[in-house]
Amino acid sequence: MYNEPALVIFSGGQDSTTCLFWAKQEFTEVHALSFRYGQKHEKEVELARAIAAKAGVDFQVMDAPLIGRLGHNALTDATMPMDSEQPEGGVPNTFVPGRNLFFLAIAAVYARERGIRHLVTGVSQTDFSGYPDCRDSFIRSMNVTLNLAMDAQFVIHTPLMWLDKAQTWALADRLGVLDLVRHDTLTCYNGIPGDGCGHCPACKLRREGLERYLASKPFKPSQDANLTA
Ligand code: ZN
């Protein structure tokens, strides 16, 4: 455990919620930062606030609508239908160009002001859906850039980088928050919390991961005891 505070970039989705509880285990003090960037489902910010309250961590929201206005994509443009799959040789139109770049830059300045050098983000290269700014190479490069930009010693932590969705569920379970992550988070591209709409790409990835994890989960001794009682 680090005897230092950390800042989690927190959207209220499955991945960043798992990271929030991971951070609670790894750092003595945890702060959560959410963004209003012009996303269609702004209620995710309120869900994030509720989860942060349950987790007992400080929660702040940054208004950064510029991120949504700069590019044209299906997460911020309500009139654009979402790609259900990654198009051949390109990124899906749910990609918000520069999002993680802006989030990390803003989070680093925010953290620096508060004497925090550990940043936590839920990006994953394993299930990265073609988003270039979820890859490990980008995160490492950004870490160097932030340190050079502010003459600082930031450390970007990516606990999910090499986990697939089933392993992310396993981590949530190990942290004792599987039910909270399952019912309180919003991952669905159609804005439905918990198990979601069931058919958008985010819901499919999430459900397939949960099913794989639950199928692989060994019997617990308490369940065995119930069976013989
Ligand atoms: Zn959905």
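Counting starts at 1 for both ligands and their atoms, following the listed order.
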Output a table of donor-acceptor pairs, distance under 3.5 Å, between side-chain atoms of residues 150-160 and any protein atom two or more places apart or on a different chain; print 'none' if there are none.
{"from": "His157", "atom 1": "NE2", "to": "His118", "atom 2": "ND1", "distance (Å)": "2.8"}

Pairs satisfying side-chain hydrogen bond (donor to acceptor under 3.5 Å, both in side chains), at least one member in residues 19-33, at least two apart: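 Found Glu29-His31, His31-Asp58.
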Apply the test side chain to side chain contact (heavy atoms under 4.5 Å, CB included) to residues Lys165 and Glu208: give CA-CA distance (whole Å), side-chain angles for both, the deciding distance (0.1 Å), then the verdict. CA-CA 8 Å; Lys165 273 284 180 282; Glu208 285 165 10; over 6 Å; no
For Phe103, enumerate each residue passing the ring-ring contact (aromatic ring centres under 6.0 Å, His included) test, keeping only those at least two apart in sequence or located in another chain.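 So Phe103 forms a ring-ring contact (aromatic ring centres under 6.0 Å, His included) with Phe35, Tyr37.
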For side chain to side chain contact (heavy atoms under 4.5 Å, CB included), just list the numbers for Ile51 and Leu180, CA-CA rounded to whole Å, side-chain angles, deciding distance to a tenth of an Å, and then say yes or no. CA-CA 8 Å; Ile51 295 166; Leu180 184 149; 4.1 Å; yes
Of the protein N/O/S atoms, how many lie under 2.8 Å from the Zn ion (ligand 1):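 Every protein N, O or S atom under 2.8 Å from the Zn ion (ligand 1) counted, the figure is 4.
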Can you give me the closest heavy-atom contact between Glu4 and Phe27, atom names plus distance?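 Taking every non-hydrogen atom into account, O-CB, 3.3 Å.
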